[in-house]
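Throughout, protein chains are lettered first and strands after them, A, B, ... in sequence-line order, and every chain is numbered starting at 1.
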Amino acid sequence: MADEGKLTLYSYWRSSCAHRTRIVLNLKGLKYEYKAVNLLKGEQSDPEYEKINPMKYVPALLDGDTLIADSFAIALYLEEKYPEKPLLPQDLKLKALNLQIASIVCSSIQPLHNLVVLNYIEQKLGPEEKNTWFINLLNRGLAALEKLLKGCAGKYATGDEIRLADPFLASQIYVAIRRMQMDISSYPTLSRLYQVYEQIPAFQAALPENQPDAPSSS
Amino acid sequence: MKKTGREVRLAFSSTNLPTKERREADQPANLEENLLSSGWKSAFEPDQKIKLYNYWRSTCSQTVRITLNLKEYEKLNPVKYVPTLVDGEVVVADSFAIILYLEDKYPQHPLLPKDLKKKALNIQIASIVTSTIQPRQNLPVDIDFIEGRFDLDKKLLWAQHYLNKGFTALEKLIKDCAGKYATGDEIQMADVFLEPQIHAGITRFEIDMSEFPTLARLHDAYMKIPEFQAAVPEIQQDAPRGS
């Protein structure tokens, strides 16, 4: 029988989409059971996982007997079901800004650098070009985000409260800094924000290297 | 275009971008310069309140056009990326953000159900289109541009791979829904995102829709609806003649 109110997150330690979902859960103070799905080993295609999530996507959240896949959909669902510690402001303009930032990250940046895409590029153009591609993509995305955030001065991305934009930004900037060793000093707002995120427990607990399925040597 | 009992007055200011810029049309950076240089400014009427910058063929633009049609809105001023909406002093780019904004601000013809589970289903469908299918369908074009080669068959195969993968996921998500449309008997947000993607699949990427019977049935249903008909790419004012 499904447990009412029990949350289970199907996640991969290094998945950028799972990373931001973990931050959202932590920010809302929601406890969850962590179930690892190893994307490198293709576990998302295992019949057992397919039974839980026919779409085979990670992350996926099981809330009682409701399954939601896709980090954006999960975030908006959690926002509505657990309205304490809201991540979306009431003000329509600011709300739209947060949704825009989240959407840019999860449709214009991250999907173009997942494993399958990077392998495709390496195959067609070689490993050097793959890295160049990855860095160009990140630069384009970060430049757009930096531009969007200009003038939204506040402690966090869109003001003095942590909002939906922050987990999405944190997970994307992490990829740039930690995976591609990029110097992001030309994006001063994003650099500053990242330093702020590094101090917040909800963000720290969600870091890839702190997950149960992260390799212990990393 | 006159509809049963209701006139949909909607004029989309469209950008007429040259090929290279068109490929980048849904990417955030540099578009502002491209738009400014392609002379769109003269298309706008100064006293209109909402403006939509869009491109006839862009699936994201089509999604927003359908939404604006459903909410009976007129389009207006220009801005950055395609599509971009300017509503008074609020500027929103990105089709998903635009639609969620419109849903909040203009409650007529609501696109999201109150029921949380159904709402989440709609958002999942929208997100699958905007993050797993649409961004990747143009990818090979970018790569070929880098390579300087134009291997049409391989590009198509790549796009088809992602469309088929995405359509497979969508078909699974909606096959148990017994309603007239994707998530029930009313047009909801999922429908607005599905149709442009299905349209692109059929007209641009030669997807075999017999593998996706629910999506195919939905497409036929959407094509009977005036608000969807009016948003079809081929009839937009910036569509090439004879397309």
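Contact count versus chain A (heavy atoms, under 4.5 Å) is highest, among B:T168, B:D104, B:V90, for B:D104. Counting heavy-atom pairs closer than 4.5 Å to chain A, the top residue among B:A120, B:S95, B:A169 is B:A169.
Here the straight-line distance linking atom NZ of B:K165 with atom NZ of A:K56 works out to 8.0 Å at 0.5 Å rounding. We find the CD-CG distance between A:Q100 and B:L100 to be 11.5 Å, quoted to the nearest 0.5 Å. For the atom pair A:L99 CG and B:F96 CZ, the distance stands at 8.5 Å (nearest 0.5 Å). Interatomic distance, A:I68 CD1 to B:L116 CG, rounded to the nearest 0.5 Å: 8.0 Å. To the nearest 0.5 Å, atom CG of residue A:D70 and atom CD of residue B:Q124 are 6.5 Å apart. The CD atom of A:E80 sits 8.5 Å away from the CG atom of B:L112 when rounded to the nearest 0.5 Å.
Few gaps surround CD on A:E33; more than 12 heavy atoms of other groups in view lie less than 6.0 Å from it. The neighbour count for A:E128 CD, taken as heavy atoms of other residues, nucleotides or ligands under 6.0 Å away, does not exceed 12. No more than 12 heavy-atom neighbours from other residues, nucleotides or ligands sit within 6.0 angstrom of NZ on B:K118.
For B:E89, the parts lying under 4.5 angstrom from a heavy atom of chain A are both the backbone and the side chain. For a residue to count as touching a neighbouring chain, one of its non-hydrogen atoms must lie under 4.5 Å from one of that chain's; by this rule A:L67 touches chain B with the backbone only. Heavy atoms closer than 4.5 Å to chain A are found in the side chain of B:T132, but not in its backbone. Using a 4.5 Å cut-off between heavy atoms, A:N114 contacts chain B through its side chain alone, with no backbone atom that close.
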Chi angles and distances behind the side chain to side chain contact (heavy atoms under 4.5 Å, CB included) call for A:L92, B:Y101: CA-CA 7 Å; A:L92 279 195; B:Y101 166 81; 4.2 Å; yes

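In terms of the ring pair (Phe, Tyr, Trp, His ring centres under 6.0 Å) criterion, A:Y57 has no residue partners (sequence neighbours excluded). Partners of A:K130 under the salt bridge (charged side-chain N to carboxylate O under 4.0 Å, His left out) rule, at least two apart in sequence or in another chain, are A:E122.
Within the 4.5 Å cutoff, no side-chain heavy atoms of B:Q134 are placed close to those of A:S107.
The two residues A:S103 and B:D94 make their nearest non-hydrogen contact at OG-OD1, 2.6 Å. Closest heavy-atom contact between A:V117 and B:Y162: CG2-OH, 3.7 Å.
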